[in-house]
Amino acid sequence: QVRLVESGGGLVQAGDSLRLACAASGRTFSNYFMGWFRQAPGKERKFVASIRWIGGSTYYGDSVKGRFTISRDNAKNTVYLQMNSLKPEDTAVYYCAATTKRDYSDYVGDFGSWGQGTQVTVSS
């Protein structure tokens, strides 16, 4: 199991930027994907972005393409989510997650390790 700790959330205005970070410790296998999900009140948890530890292949949900960028620092076991041009619709609790699956997945159930979440609120 992997311990995940998110940071960087906050309250911002529409059009602003935030950078989230996820620090991983424990069983950080080299074949893990790291992902970001978000969940608004009363809604299902949805895929935002993911990155492969080796090679750095990235994947994005349709609603954030062109605005968000996921990156990683393998030496520090840390994943980042740069969020630009934020919209009120981006308001949610953002969760970092990890999976031992070798292949890409955007399914919540495939991610076995989760952080505690960090709140992002975007006002109009």
Side-chain angles (χ1 to χ4, degrees):
Q1 300 299 311
V2 177
R3 174 178 166 81
L4 305 173
V5 180
E6 303 99 331
S7 62
L11 173 63
V12 298
Q13 301 284 333
D16 285 352
S17 298
L18 279 175
R19 185 183 66 181
L20 307 183
C22 173
S25 61
R27 297 183 63 186
T28 55
F29 290 177
S30 61
N31 62 341
Y32 279 14
F33 279 82
M34 300 292 293
W36 288 96
F37 293 77
R38 66 187 185 185
Q39 187 168 22
K43 302 291 187 178
E44 291 189 334
R45 195 166 298 186
K46 294 185 176 180
F47 173 78
V48 175
S50 67
I51 188 167
R52 187 182 178 188
W53 280 113
I54 299 177
S57 299
T58 58
Y59 306 87
Y60 296 94
D62 289 341
S63 63
V64 305
K65 288 180 180 177
R67 299 188 297 123
F68 291 10
T69 302
I70 188 170
S71 61
R72 87 278 194 257
D73 186 331
N74 294 59
K76 297 198 299 184
N77 290 323
T78 300
V79 176
Y80 304 93
L81 184 68
Q82 178 67 43
M83 305 184 294
N84 298 327
S85 301
L86 283 163
K87 306 174 181 179
E89 306 92 276
D90 297 318
T91 295
V93 177
Y94 283 70
Y95 296 92
C96 181
T99 178
T100 59
K101 289 176 59 69
R102 196 182 312 274
D103 299 326
Y104 163 79
S105 175
D106 60 2
Y107 177 54
V108 168
D110 284 336
F111 287 75
S113 299
W114 294 85
Q116 83 286 354
T118 185
Q119 177 71 48
V120 173
T121 302
V122 185
S123 62
S124 60

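Each residue takes its place number in the sequence, starting with 1.
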**Study point:** Identified ring-ring contact (aromatic ring centres under 6.0 Å, His included) partner of Phe37 from the options Phe111, Tyr95, Tyr94
**Key:** Phe111
Check your understanding: What distance do Ser124 atom OG and Gln13 atom CD have between them, rounded to the nearest 0.5 Å?
Key -> 8.0 Å
Exercise for review: Kindly say whether Trp53 contributes a backbone atom to a donor-acceptor pair with the side chain of Asn74 at under 3.5 angstrom?
Suggested key: yes
Review point. side-chain hydrogen bond (donor to acceptor under 3.5 Å, both in side chains) with Gln39: which of Arg45, Glu44, Lys46?
Key: Arg45
Check your understanding: Measuring from Cys96:SG to Gln116:CD, what's the distance to the nearest 0.5 Å?
Key -> 9.5 Å
Practice item. Assess the pair Tyr59 and Phe47: is the distance between their ring centroids shorter than 6.0 Å? Key: no
Practice item. Flag the pair Tyr80 / Thr69 as yes when at least one side-chain heavy-atom distance between them is below 4.5 Å, and no otherwise. Key: no
Point to revise | Val93-Trp114 co-clustered via ILVMFWY side chain contacts under 4.5 Å | key: yes
Review point. Can Asp62 and Lys65 be said to form a salt bridge (charged side-chain N to carboxylate O under 4.0 Å, His left out), step by step?
Key: CA-CA 5 Å; Asp62 289 341; Lys65 288 180 180 177; 3.0 Å; yes
Review point. Which heavy atom of Ala21 sits nearest a heavy atom of Thr78, and at what distance?
Key: CB-CG2, 4.5 Å
Review point. Taking side chain as C-beta onward, heavy atoms only, is Val2 less than 4.5 Å from Asn77?
Key: no
**Study point:** Closest non-hydrogen atom pair, Tyr60 against Ile70
**Key:** OH-N, 2.9 Å
**Study point:** Euclidean distance, Ile51 CD1 relative to Phe33 CZ, rounded to 0.5 Å
**Key:** 9.5 Å
**Study point:** Minimum heavy-atom distance between Asp110 and Ser105, given as atom pair plus value
**Key:** OD2-OG, 2.6 Å
Practice item. Using atom types as modelled and distance alone, determine if a side-chain donor or acceptor of Arg67 lies under 3.5 Å from a backbone N or O of Ser85. Key: yes
**Study point:** Considering all heavy atoms, the nearest Ile54-Arg72 contact
**Key:** C-NH2, 4.4 Å
Point to revise | Contact summary for Pro88 and Ala14, nearest pair of heavy atoms | key: CD-CB, 4.2 Å
Check your understanding: Taking side chain as C-beta onward, heavy atoms only, is Met34 less than 4.5 Å from Cys22?
Key -> yes
Practice item. Report yes or no: do Val108 and Tyr104 belong to one cluster of Ile/Leu/Val/Met/Phe/Trp/Tyr joined by side chain heavy-atom distances under 4.5 Å? Key: yes
Point to revise | Reported CZ-to-CE distance for the pair Arg19 and Met83, which is rounded to 0.5 angstrom | key: 11.0 Å
Review point. Taking side chain as C-beta onward, heavy atoms only, is Gln119 less than 4.5 Å from Thr91?
Key: yes
Review point. Just how far is it from atom CG of Leu20 to atom CZ of Phe68, taken to the nearest 0.5 Å?
Key: 8.0 Å
Point to revise | Point-to-point distance, once rounded to the nearest 0.5 Å, from OG1 of Thr118 to CG of Leu81 | key: 11.0 Å
